[in-house]
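Just below is one structure, and these are the notes that go with it.
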Amino acid sequence: MAATEHPPPSRLRRWMLAGLSDLAGTPQGPHAQPEAPDKGRRPWWHVMCLTGVDYFSTLGYQPGIAALAAGLLSPLATIVLVIVTLAGALPVYRRVAQESPHGQGSISILERLLTFWKGKLFVLTLLGFAATDFLITITLSAADAATHLVENPHLAHVLHDQRMLITLILIALLGAVFLKGFLEAIGVAVALVGVYLALNAVVVVTGLWHVLSAEHVVTDWTTALIAQRGNVFVMVGVALLIFPKLALGLSGFETGVAVMPHVQGDPGDTEDRPVGRIRDTRKLLTTAAVIMSVFLITTSFITTLLIPAKEFQPGGKANGRALAYLAHAYLGSTFGTVYDASTIAILWFAGASAMAGLLNLMPRYLPRYGMAPHWARAVRPMVIVFTLIGFVVTWIFDANVDAQGGAYATGVLVLISSAAIAVTIASRKARQRGWTIGFGVISAVFLYTTVLNVIERPDGVKIGACFIAGIILVSLLSRLTRAFELRVTGVELDDMAQRFVRDVASRTIRFIANEPDNRDRAEYRDKIEQIRHDNDVPTAEDFVFVEVTVTDPSEFETSLTVRGEVLHDRYRVLTMESSSIPNALAALLLHARDTTGQIPHIYFEWTEGSPFHNFLRFILFGQGEVAPVTREVLREAEPDRSRRPHVHVG
């Protein structure tokens, strides 16, 4: 459909919307599907580092959180977390990678199971929890980076009361990275993760040496543990109960799938069958989980045994920075400062994978539902929106790491639970009985964990509910404001339909919008007579009927396939399916105009009933008062009245 020429956009607008896809395309920018098979993609271990800036950076605060939650039981509780990671979350997300290889995550699997508005509302709810997870990742990581900065012995006297300002600056810098461009930042992620893991390995080896060389440390710990908990069975039971508090250690899986489109895969991969990308993403997830599991167990062990319990408490020197505390205590101020710098860098950049996840998920769903402006497909405007939301969240939580833990854990657990349920259903549909049972058990574990987390830390679900309410409200307002937008992504006519249009174009193109009933000879004969009578059309003029069947009215963007048929050896009928009758008719009229050079006419009857009631029917069900809405869609799509198709109502 040809578009009317508009004034060229300003330089700022061109920069802001650079990479904006057309209506039928996929999102462009750092989260886009590249045009060429390997364009913009990297080897799996490079992308693992992009995921790792989120996943591995939790080492900056996870040991401290475990010590606060479990005390002396921290190592055992962390082993439970590792078992759940390797035997639960990892198999689930390996299956998610197979089922949704374009980075949509488990949401796309569940989206296919539900239709109409209930499906859209369900997806919006999951997007709300995804937004909670990713946005809190950005703000919590920046806040923890600021904590490491202000707690550094060399800087504490200068920056001790500037945590809020530093956190806001770090979030702003992250947004600036995305405004500049992001694919190149994968190289930065590789360097950051490599240095950070190497420094952590030094701290772990040093800590283990001190634990093993001072025999009384292990003895004192085991003695205190037995005195506190009694026996092994009680310890295991308490560790299982404490596990939900350690859910932050599972945070990397959703981002691992979200950045999947950047994995290089094999040369023979196609978008429909990216076998190599799926294989390498599963390799990515497994490698990251194994590395993280080793570090989680060892860091939990050395921090619990070597750091006094009081230092983990709020205000203590190890609060939110347990490994940094050990680095300064056992390796000196210089190494400790280098470790602080590395931790600050990776915690700041942890928001990068979260931002990539947001930019990958939101434009895939909201614009397609009509629940976000068209510019939401572009990277830079969305980066600004997410950065501003990050400022607000940071201000609400006063840049406090502990205060954000509940919301973060809730977002992580809801997404993992939904992923587990999704792959359980997918396995059942594939008749894989063993996997169905296995994933069902994993789903039960994560649902139990989620419920316990919500009961103990209801603030997390409250924050998630705020994100959900905000997304739904903005989505509905956007859907209303875009109600009269031409949202057909393409029009294709079969041979018979093209023949009908070419034939009437030699005279005057006249369509009759018909709501199919019995589709018998009398229906079409009476309709023609009524249209001629109401509009005073000469008998010599001929018509082509147009009939639209509404499929899923909750869909926003659709493509049209128009089929032509001759009924009762006399009446030419064009049939098509769409989510909205007025949009389908407007798209057909504009397509006929552009392909023939003739301005078409279309004829309607007035619809009986209240205009307001009919408008709601149009919004919710794609029908209602079709004639005026079709005219309004045409008016918005074609500002030039001389080129606009004619709408007649009688």
Side-chain angles (χ1 to χ4, degrees), residues 48 51-52 54-96 193 196-197 200-201 203-205 207-208 211 218 221-222 225 229 232-233 235-257 282-306 322-323 326 350 405 408-409 412-413 415-417 419-420 438-439 441-450 452-453:
M48 184 193 73
T51 303
D54 172 23
Y55 195 23
F56 299 142
S57 70
T58 58
L59 290 172
Y61 48 82
Q62 180 70 16
I65 290 175
L68 277 175
L72 296 174
L73 265 179
S74 176
L76 186 57
T78 302
I79 290 174
V80 172
L81 171 65
V82 168
I83 292 172
V84 174
T85 298
L86 298 179
L90 179 59
V92 164
Y93 277 94
R94 283 171 61 90
R95 183 60 178 263
V96 170
V193 168
Y196 184 68
L197 291 182
N200 273 286
V203 175
V204 167
V205 170
L208 289 174
V211 168
V218 176
W221 173 62
T222 54
L225 192 57
R229 299 297 179 184
V232 174
F233 296 104
M235 295 178 194
V236 172
V238 174
L240 291 173
L241 293 174
I242 291 172
F243 160 70
K245 298 180 180 180
L246 311 185
L248 296 184
L250 298 167
S251 64
F253 288 101
E254 195 68 33
T255 51
V257 175
R282 299 174 79 175
K283 193 183 300 182
L284 175 161
L285 293 169
T286 303
T287 304
V290 170
I291 292 173
M292 188 63 174
S293 296
V294 172
F295 274 107
L296 282 173
I297 292 173
T298 54
T299 56
S300 174
F301 182 69
I302 62 174
T303 53
T304 302
L305 269 65
L306 296 177
L323 292 177
L326 292 181
Y408 189 17
V412 170
L413 287 172
L415 290 180
I416 293 181
S417 299
F439 286 135
V441 172
I442 294 171
S443 300
V445 170
F446 283 121
L447 285 173
Y448 157 79
T449 306
T450 303
L452 283 188
N453 181 77

Between OG on residue Ser300 and CG on residue Leu296, distance to nearest 0.5 Å: 8.0 Å
Gln62 and Thr299, any side-chain heavy atoms less than 4.5 Å apart: no
Straight-line distance of Met292 CE to Leu81 CG, nearest 0.5 Å: 8.5 Å
Aromatic plane relationship, Tyr55 with Phe253 - under 30° parallel, 30 to 60° tilted, over 60° perpendicular: tilted
Side-chain donor-acceptor contact under 3.5 Å, Ser293 with Thr85: no
Shortest non-hydrogen separation from Leu59 to Leu323 and the atoms involved: O-CD1, 3.6 Å
Any donor-acceptor N/O pair, Thr287 side chain to Leu284 backbone, under 3.5 Å: no
Closest approach of Thr449 to Val445 (non-hydrogen atoms, all atoms of both residues): OG1-O, 2.8 Å
Inter-residue atom distance Ile297.CD1 - Ile302.CD1, 0.5 Å rounding: 13.0 Å
Atom pair OG1/CD1 of Thr286 and Ile291 - distance to nearest 0.5 Å: 11.0 Å
Straight-line distance of Leu285 CG to Thr51 OG1, nearest 0.5 Å: 7.5 Å
Shortest non-hydrogen contact between Gly207 and Leu306, atoms and distance: O-CD1, 3.6 Å
Check: Thr78 and Ser74 side chains under 4.5 Å, non-hydrogen atoms: yes
Distance-minimising heavy-atom pair for Arg94 and Arg282: NH1-O, 3.3 Å
Non-hydrogen atoms of Ala420 and Val92 that approach each other most closely: N-CG1, 3.7 Å
Closest contact, heavy atoms only, Ala89 versus Phe446: N-CZ, 3.8 Å
Candidate pair Tyr93 and Ile416, rule side chain to side chain contact (heavy atoms under 4.5 Å, CB included), full reasoning: CA-CA 8 Å; Tyr93 277 94; Ile416 293 181; 3.7 Å; yes
